[in-house]
Amino acid sequence: MAELVFFSGTMDCGKSTLALQMDHNHRARGREGLIFTRLDRAGDSVLSSRLGLSTGAVEVHEQLDFWEVVVAQLTSGGKVDYLICDEAQFYSPAQVEQLARIVDELDIEVYAFGIMADFRTQLFPGSQRLVELADRTQVLQVAALCWCGARATHNARVVDGSMVVEGEQVVVGDTTDGTQEVEYEVLCRRHHMRRMSSHAAHAAALSADVLPFDLDACPVPPRA
Ligand SMILES: Nc1ncnc2c1ncn2[C@@H]1O[C@H](COP(=O)(O)OP(=O)(O)O)[C@@H](O)[C@H]1O
Ligand SMILES: Cc1cn([C@H]2C[C@H](O)[C@@H](COP(=O)(O)O)O2)c(=O)[nH]c1=O
């Protein structure tokens with residue numbers, strides 16, 4: 001029986017790489033699949049991994065209906081054994097429901113990949129619906145790490161070097177709108193809650209070295 005599986009984890013933990021590997025392994029055994037993504041950092045209609053691999057994909061626009069796409073493929077004589085769905089956090093709840101229907105009524109495997117929560121630690125609507133409907137939610141094994149070395153569990157947004165907790169939910173990574181540079185960094189919960197990105201930690205470490213300087217305790221009198 002087919003399943004809807006949600007592979008989740010922080011940014012940069014290898015989700016897109018796993019999506020490409022799963023597609024490769026299925027294809028190598030003669031199975032045929034459809035690949036979908038939305039707002040990949042490499043551009044429209046591409047599923048890309050930071051390891052350098054990429055493949056063409058169907059861009060999931062707001063109006064895309066997964067059910068219609070798959071049924072059209074089947075009725076035109078195509079074979080569909082599985083779907084690979086990357087950046088699934090950006091899909092609408094209705095689109096996630098279409099994916100569940102494809103599993104149940106067409107017996108096609110659906111593998112969805114995405115982050116669970118945004119930079120404010122709030123669930124993306126698409127991810128929430130996936131957790132609600134998936135047969136299984138699987139956290140990726142490869143841990144992305146916080147700057148302190150702990151397992152990273154949260155995604156932080158850094159705008160012009162400072163961590164922010166307000167703003168639009170969706171801003172594609174590694175972009176600039178011409179005025180601001182938006183980056184993301186993964187953190188452990190402790191440092192996310194303290195708003196301590198690696199940049200802030202570095203600045204705090206530097207000022208800790210400089211500020212507590214006690215002239216009276218200094219063995220060498222400073223030169224005039
Ligand atoms: N130069 C590198 N050498 C080895 N592994 C790398 C390198 N660059 C990135 N990676 C791996 O790629 C992972 C990110 O892959 P990607 O599939 O793009 O992540 P995600 O889709 O979860 O954001 C990193 O966690 C790391 O394990
Ligand atoms: C936390 C967060 C992330 N995003 C964007 C940034 C990236 O384009 C994707 C995640 O991609 P990845 O393959 O998992 O690295 O999501 C966003 O728009 N809003 C956020 O809060």
Side-chain angles (χ1 to χ4, degrees), residues 5-25 35-57 59-62 84-93 95-96 111-131 137-177 180-189 191-193 195-199:
V5 188
F6 181 30
F7 294 94
S8 193
T10 60
M11 289 178 66
D12 206 12
C13 72
K15 300 180 299 300
S16 300
T17 305
L18 180 63
L20 289 160
Q21 286 175 312
M22 287 184 69
D23 178 58
H24 174 86
N25 289 354
I35 304 179
F36 296 89
T37 192
R38 178 169 163 83
L39 299 175
D40 188 288
R41 55 167 54 73
D44 224 34
S45 307
V46 181
L47 189 170
S48 73
S49 138
R50 288 180 180 81
L51 278 174
L53 291 172
S54 66
T55 188
E59 185 74 19
V60 181
H61 295 292
E62 272 169 37
I84 298 280
C85 299
D86 201 21
E87 306 292 354
Q89 71 275 3
F90 295 144
Y91 300 178
S92 69
Q95 287 171 328
V96 172
Y111 306 118
F113 304 81
I115 54 176
M116 197 71 85
D118 68 15
F119 69 108
R120 302 163 301 179
T121 72
Q122 290 174 12
L123 292 175
F124 282 91
S127 306
Q128 180 180 336
R129 201 71 190 118
L130 273 162
V131 171
T137 295
Q138 206 160 310
V139 177
L140 262 70
Q141 274 184 357
V142 180
L145 301 183
C146 179
W147 57 265
C148 69
R151 184 183 184 116
T153 46
H154 291 72
N155 304 299
R157 181 180 289 169
V158 178
V159 178
D160 288 339
S162 299
M163 183 173 161
V164 297
V165 287
E166 282 175 15
E168 291 293 313
Q169 184 174 52
V170 178
V171 177
V172 176
D174 307 328
T175 56
T176 171
D177 67 0
Q180 291 185 316
E181 194 187 348
V182 180
E183 299 163 292
Y184 289 92
E185 180 177 350
V186 292
L187 299 174
C188 64
R189 186 190 59 244
H191 288 125
H192 197 285
M193 293 190 80
R195 314 277 179 259
M196 192 161 271
S197 64
S198 57
H199 188 266

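In each ligand, atom 1 is the first atom listed, and ligand 1 is the first ligand listed.
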Where do [X] and [Y] come nearest, in terms of heavy atoms and distance?
X: Val171; Y: Tyr184; answer: O-OH, 2.6 Å
X: Arg38; Y: Phe90; answer: NE-O, 3.2 Å
X: Phe124; Y: Val170; answer: CE2-CG2, 4.4 Å
X: Leu130; Y: Ala88; answer: CD1-CB, 3.7 Å
X: Cys188; Y: His154; answer: C-ND1, 4.5 Å

Thr17, portion touching ligand 1 at heavy-atom distance under 4.0 Å: both

Would you list the atom pairs, donor with acceptor, under 3.5 Å between side chains in residues 11-22 and any protein atom, with sequence neighbours excluded?
from  : atom 1 : to    : atom 2 : distance (Å)
Lys15 : NZ     : Thr10 : O      : 2.9
Ser16 : OG     : Asp86 : OD2    : 2.7
Thr17 : OG1    : Ser49 : OG     : 2.9

Heavy-atom nearest neighbour of atom 23 (O) of ligand 1 within options Gln21, Arg41, Arg50: Arg50

Ligand 1 N/O within reach of Gly14 N/O, cut-off under 3.5 Å: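 Right, the criterion is met.
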
Heteroatom proximity flag, Cys13 to ligand 1, N/O under 3.5 Å: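 Yes; the residue has a nitrogen or oxygen that sits under 3.5 Å from a nitrogen or oxygen of the ligand.
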
Ligand-side contact atoms (ligand 1) for residue partner Lys15, heavy atom cut-off under 4.0 Å: 17 (O), 19 (O), 20 (P), 21 (O), 22 (O), 23 (O)

Which residue and heavy atom of the protein sit nearest [atom], plus the separation:
atom: atom 27 (O) of ligand 1; result: Val142 CG1, 4.4 Å
atom: atom 25 (O) of ligand 1; result: Asp12 O, 2.6 Å
atom: atom 5 (N) of ligand 1; result: Leu51 CD2, 3.4 Å

Criterion side chain to side chain contact (heavy atoms under 4.5 Å, CB included) on Glu87 and Leu39, from CA distance to verdict: CA-CA 7 Å; Glu87 306 292 354; Leu39 299 175; 6.0 Å; no

Intermediate values then yes/no, side chain to side chain contact (heavy atoms under 4.5 Å, CB included), Gln128 and Gln122: CA-CA 10 Å; Gln128 180 180 336; Gln122 290 174 12; over 6 Å; no

Side-chain donor or acceptor of His192 paired with backbone N/O of Phe119 under 3.5 Å: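 Yes, the answer is positive, given that a donor and an acceptor are paired below the 3.5 Å cut-off.
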
Glu62 side-chain N/O to Ser92 backbone N/O, donor-acceptor pair under 3.5 Å: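 Side chain of Glu62 to backbone of Ser92: no pair is present.
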
Contact bool for atom 21 (O) of ligand 1 (protein heavy atom, d < 4.0 Å): yes

Residue contacts for ligand 2, heavy atom to ligand atom, distance under 4.0 Å: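 Ligand 2 is contacted, at a heavy-atom distance under 4.0 Å, by Met11, Asp12, Lys15, Arg41, Arg50, Glu87, Gln89, Phe90, Ile115, Asp118, Phe119, Phe124, Asn155, Arg157, Gln169, Val170, Val171, Val172, Gly173, Tyr184.
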
